[in-house]
Q: 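A single structure is presented below for examination.
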Amino acid sequence: MKLVLNIWRQKNQNSRGGMVRYELDGVNEHMSFLEMLDVLNEQLTEKGEDPVTFEHDCREGICGCCGFMINGVAHGPHRGTTVCQLHMRHFRDGEELWLEPWRAAAFPVLKDLLVDRAAFDRIIAAGGFISVNTGSAQDANTIAVQKHCAELAMDAAACIGCGACVAACPNASASLFVGAKISHLALLPQGQPERSRRALNMVAQMQQEVFGSCTNIGECEAVCPKGVKLENIARMNREYIKAAWAYREEAAAGGGG
Amino acid sequence: MSTMAVGGGLTRSASFYDSVIGKKAVMAITGFILFGFVLVHMAGNLQVFLPVHANGVHPLDEYGAKLRAMPPLLWGARIVLLVAVILHFVAAIQLSLLNKRQARPQRYVKLAPIVSTYASRTMIWGGLVIFFYVIYHLLHLTIGARFVNPTFEEGHVYQNLVSGLQNPVVAIFYMIANIVLAIHLYHGIWSMFQSLGIAHPRYTPILKRVSAVLAWVIGIGFCSVPLAVLTGFVKMTGGNL
């Protein structure tokens with residue numbers, strides 16, 4: 001099949017960038033979207049042109065590296081998948097496609113379709129962890145977890161941090177990502193000691209990275225390749241509101257006796 | 001590590017409001033107050049369809065007189081509403097500037113919404129229309145400013161309403177503004193629960209349906225009055241106080 005590709009080309013973080021039109025012939029419908037771009041890049045390299053830069057790693061839809069906008073939709077037209085697991089059979093022969101990087105102040109474009117998602121790492125570093133002593137792991141069955149809590153935590157933990165939620169949000173809000181990370185740990189007994197501080201710190205970091213606010217629109221949930229639910233944003237709001245009013249710093253005058 | 005919300009009541013309120021979630025919570029609570037007012041106001045308005053009392057007084061005038069006879073209640077409610085409007089408005093503008101200016105400085109060449117409703121994407125614009133409409137409406141039928149409503153007579157609620165809305169331009173403007181209000185509430189009613197962290201897979205879909213129904217009720221309820229005046233169904237009677 002034949003495709004017309006309009007791809008965002010940008011030399012580096014400081015250059016302006018713009019759409020460049022390419023015509024690509026000989027696309028196999030069984031190729032993944034990234035394999036199709038590999039073919040384009042091979043042709044560009046042979047012509048001595050700069051190949052299109054895009055992020056990718058596992059190409060199995062589980063690492064969270066890949067992702068860009070296809071015709072204005074994060075990860076393209078097929079629901080519940082990343083671009084590496086999106087196959088060309090979902091497109092028509094001769095179709096014109098528009099590829100753009102995620103756009104958010106917190107996700108600067110480094111080159112072409114590649115953005116810097118270090119803001120997500122900093123949010124995780126602010127509270128997306130639990131503190132345990134290593135080397136002395138107890139038997140897993142000694143900590144009882146309610147079945148539905150385990151399920152909900154697992155659903156939230158499915159988030160791969162690809163950034164599609166931010167990209168699809170009209171406000172460039174990271175609420176679904178942060179909501180998933182806060183929920184995942186708040187639902188489990190291991191996450192309890194840092195529960196309040198986690199909500200406060202992760203939300204504060206989210207804001208420091210200049211992500212927008214949530215307006216409960218739901219575009220994030222629709223494009224999420226892992227089906228992370230909007231409910232997680234409500235849980236983040238709940239956790240944050242509770243923590244903001246009830247949190248106390250550890251009292252220095254504790255213990256004794 | 002980033003800053004944390006620790007401190008006394010005032011510092012806590014300030015840092016709570018500093019956060020985007022805090023601002024949304026404020027918008028949810030003030031939105032709830034304003035929504036409650038809108039419901040009561042609509043019920044009050046619909047008295048325009050009641051028949052005139054035997055003594056020649058229209059029930060709407062009687063209702064207005066009753067409200068004015070309780071200044072502490074009337075002014076208490078007005079102050080609460082004014083504070084709610086200010087907080088709702090200021091938080092909306094602050095969040096909107098963050099979302100539209102700062103969070104995504106470079107727009108997409110192409111962006112295709114998949115699931116979001118027209119109502120949810122136009123909250124700020126609908127809100128601004130409602131804001132200016134409310135100012136006009138207060139000048140027109142509450143304060144009765146001469147330059148807006150020259151036929152206004154203090155205390156003659158029914159007469160002011162009918163004469164004010166007999167101007168088709170004014171009546172159509174009222175209807176448009178109330179449709180905008182209904183669209184705003186279509187997303188706003190269920191959205192305030194989500195902003196406060198109240199969501200459940202069993203109840204949220206019901207809540208969305210309830211807010212759609214309430215939005216229709218409010219839209220139809222408010223539009224029915226200017227429409228009735230415009231079509232001559234409600235007209236001047238001897239119903240003066």
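All values derive from a computational prediction rather than experimental measurement. Naming convention: chains lettered A, B, ... in sequence-line order (proteins, then strands); numbering from 1 in each chain.
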Q: CZ of B:Arg78: more than 12 outside heavy atoms within 6.0 angstrom?
A: yes
Q: Tell me, with the steps shown, if B:Ser19 and A:Gln207 meet side-chain contact (heavy atoms from CB on, under 4.5 Å).
A: CA-CA 7 Å; B:Ser19 77; A:Gln207 219 164 323; 3.7 Å; yes
Q: Among B:Lys100, B:Arg107, B:His187, which residue has the highest count of heavy-atom pairs closer than 4.5 Å to chain A?
A: B:His187
Q: With a 4.5 angstrom heavy-atom cut-off, could you sort out which part of A:Arg79 is near chain B: side chain, backbone, both or neither?
A: side chain
Q: For the residue pair A:Ala243 and B:Arg12, what are the closest heavy atoms and their distance?
A: O-NH1, 4.4 Å
Q: List the atom of B:Tyr108, the atom of A:Arg103, and the distance in Å for their closest heavy-atom pair.
A: OH-N, 3.0 Å
Q: CH2 of A:Trp245: more than 12 outside heavy atoms within 6.0 angstrom?
A: yes
Q: Inspect the surroundings of OH in B:Tyr118 and state if more than 12 heavy atoms from other residues, nucleotides or ligands are less than 6.0 Å away.
A: no
Q: side-chain contact (heavy atoms from CB on, under 4.5 Å) for A:Leu230 and B:Gln194? Distances and angles first, verdict last.
A: CA-CA 9 Å; A:Leu230 215 54; B:Gln194 175 81 8; 3.9 Å; yes
Q: Please flag which part of B:Ser195 lies under 4.5 Å from any non-hydrogen atom of chain A: side chain, backbone, both or neither.
A: both
Q: A:Val210 versus B:Leu98: any side-chain heavy-atom pair under 4.5 Å?
A: yes
Q: Look at A:Cys169, A:Ser196, A:Ala106 and state which one has the largest set of heavy-atom pairs under 4.5 Å with chain B.
A: A:Cys169
Q: Does CZ belonging to A:Phe54 count more than 12 external heavy atoms closer than 6.0 Å?
A: yes
Q: When only pairs under 4.5 Å are counted, which of A:Val73, A:Ile241, A:Asn237 shares the most heavy-atom pairs with chain B?
A: A:Asn237
Q: Take A:Glu100 and B:Leu111 through the test side-chain contact (heavy atoms from CB on, under 4.5 Å) and record every step on the way to the result.
A: CA-CA 10 Å; A:Glu100 260 183 285; B:Leu111 184 65; over 6 Å; no
Q: Would you name the heavy atoms of B:Pro201 and A:Glu231 that are closest together and state the gap between them?
A: CD-OE2, 3.7 Å
Q: Looking only at heavy atoms, which two atoms of A:Ser213 and B:Asn99 are closest? And how far apart?
A: N-OD1, 2.6 Å
Q: Is there a side-chain contact between A:Asn6 and B:Lys110 in this structure, where contact means two heavy atoms from C-beta onward sitting under 4.5 Å apart?
A: no
Q: Without swapping roles, check the side chain of B:Gln106 against the backbone of A:Ala104 for a donor-acceptor pair under 3.5 Å.
A: no
Q: More than 12 heavy atoms of other residues, nucleotides or ligands under 6.0 Å from OH of B:Tyr136: is that the case?
A: yes
Q: Stepwise, does the side-chain contact (heavy atoms from CB on, under 4.5 Å) test hold for A:Met19 with B:Val109?
A: CA-CA 9 Å; A:Met19 284 292 186; B:Val109 176; 3.9 Å; yes
Q: To the nearest 0.5 Å, what is the distance between OG1 (A:Thr215) and CZ (B:Arg121)?
A: 10.5 Å
Q: Examine whether an atom of A:Ala246 lies under 4.5 Å from a heavy atom of chain B, and if so say whether it belongs to the side chain, the backbone or both; otherwise answer neither.
A: backbone
Q: I need the A:Asn216 CG to B:Ser116 OG distance, nearest 0.5 Å.
A: 12.0 Å
Q: Tell me, for B:Ser13 versus chain A, whether the close heavy atoms (under 4.5 Å) come from the side chain, the backbone, both or neither.
A: both
Q: If you look at every heavy atom in A:Tyr240 and B:Ser15, which pair is closest and at what distance?
A: OH-O, 4.1 Å
Q: Which one, B:Pro105, B:Ala103, B:Ser120, leads in non-hydrogen pairs under 4.5 Å with chain A?
A: B:Ala103
Q: So which heavy atom on B:Arg104 is nearest to which on A:Ala167, and how close?
A: NH2-O, 3.1 Å
